[in-house]
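Note sheet for the following structure.
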Amino acid sequence: MPPWRLRPDGLDLAVKVQPRAKRPALGGLSPDGAALRIAVSEVPEDGRANRAVCAAVAGALGLANSAVEVLHGAGARQKTLRVTGDPASLAPLLEKLIA
């Protein structure tokens with residue numbers, strides 16, 4: 001089962017974030033397979049890491065930064081992101097990221 005749930009206006013994406021990473025990266029699944037792994041170099045203060053995560057996902061999917069927002073887990077490493085866009089075109093792009 002993929003780490004996203006399709007919605008009529010986009011999808012909800014489960015992510016596991018590693019803040020303060022030496023190398024930012026996006027791709028692959030968490031060890032339990034329930035979330036997309038994202039590493040950002042920003043610190044988790046004042047929402048900086050959350051903004052970096054949203055920007056990384058938006059960039060990977062070719063969307064504007066405003067199309068991705070944190071839905072749940074703003075203060076946790078496990079988050080759910082709301083991605084606005086065409087779900088039929090977003091799902092294949094996400095499948096490439098987890099491969």
Side-chain angles (χ1 to χ4, degrees):
M1 190 165 157
W4 59 84
R5 186 171 42 124
L6 297 178
R7 304 179 54 80
D9 62 342
L11 53 87
D12 291 343
L13 175 64
V15 297
K16 182 164 185 176
V17 179
Q18 177 189 353
R20 295 186 187 131
K22 290 183 181 181
R23 295 182 199 159
L26 187 141
L29 291 175
S30 62
D32 62 2
L36 178 68
R37 292 186 315 171
I38 302 176
V40 295
S41 57
E42 285 75 7
V43 296
E45 296 171 357
D46 300 323
R48 287 188 276 187
N50 286 337
R51 287 190 296 274
V53 167
C54 291
V57 171
L61 298 177
L63 301 171
N65 288 354
S66 61
V68 182
E69 64 181 341
V70 177
L71 185 62
H72 300 291
R77 289 180 183 231
Q78 292 282 121
K79 301 178 188 304
T80 302
L81 304 179
R82 168 79 38 97
V83 181
T84 305
D86 178 28
S89 63
L90 294 174
L93 295 173
L94 286 169
E95 287 184 17
K96 288 181 183 179
L97 289 176
I98 62 173

Nearest heavy atoms of [X] and [Y], plus distance in Å:
X: Ala39; Y: Ala21; result: CB-CB, 3.6 Å
X: Val57; Y: Val83; result: CG1-CG2, 4.4 Å
X: Ala91; Y: Leu6; result: CB-CD2, 4.4 Å

For the [atom1] atom of [X] and the [atom2] atom of [Y], what is their distance to the nearest 0.5 Å?
X: Lys96; Y: Leu61; atom1: NZ; atom2: CG; result: 11.5 Å
X: Thr84; Y: Arg7; atom1: OG1; atom2: CZ; result: 9.0 Å
X: Ile98; Y: Ser30; atom1: CD1; atom2: OG; result: 10.5 Å
X: Arg48; Y: Ser41; atom1: CZ; atom2: OG; result: 10.5 Å
X: Gln18; Y: Ile38; atom1: CD; atom2: CD1; result: 11.5 Å

Report yes if some heavy atom in the side chain of [X] is under 4.5 Å from a heavy atom in the side chain of [Y]; otherwise report no.
X: Thr80; Y: Leu13; answer: no
X: Glu42; Y: Arg20; answer: no
X: Val15; Y: Arg37; answer: no
X: Pro3; Y: Lys16; answer: no
X: Leu97; Y: Leu26; answer: yes
X: Val53; Y: Val70; answer: no

>> Before you tell me yes or no, could you show the steps for Gln78 and His72 under side-chain contact (heavy atoms from CB on, under 4.5 Å), namely the whole-Å CA-CA distance, both residues' side-chain angles and the distance that decides it to 0.1 Å?
In response: CA-CA 9 Å; Gln78 292 282 121; His72 300 291; over 6 Å; no
> Is there a path of hydrophobic side-chain contacts, each under 4.5 Å between heavy atoms of I, L, V, M, F, W or Y residues, that connects Leu93 with Leu63?
Replying inline: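 Cluster IDs for Leu93 and Leu63 match.
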> Could you go step by step and tell me if Leu11 and Leu94 meet the side-chain contact (heavy atoms from CB on, under 4.5 Å) rule?
Replying inline: CA-CA 11 Å; Leu11 53 87; Leu94 286 169; 3.7 Å; yes
>> Could you work out, with side chain to side chain donor-acceptor pair (under 3.5 Å) as the rule, every residue matching Arg5, not counting sequence neighbours?
In response: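 Counting only residues at least two positions away or on another chain, Arg5 forms a side chain to side chain donor-acceptor pair (under 3.5 Å) with Asp12.
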> Checking Lys79 side chain against Ala74 main chain: does a donor-acceptor pair fall under 3.5 Å?
Replying inline: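 Side chain of Lys79 to backbone of Ala74: a pair is present.
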> Checking Asp32 side chain against Ala34 main chain: does a donor-acceptor pair fall under 3.5 Å?
Replying inline: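 A pair under 3.5 Å: yes.
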>> Test side-chain contact (heavy atoms from CB on, under 4.5 Å) on Leu81 and Leu71; report intermediate values, then the result.
In response: CA-CA 5 Å; Leu81 304 179; Leu71 185 62; over 6 Å; no
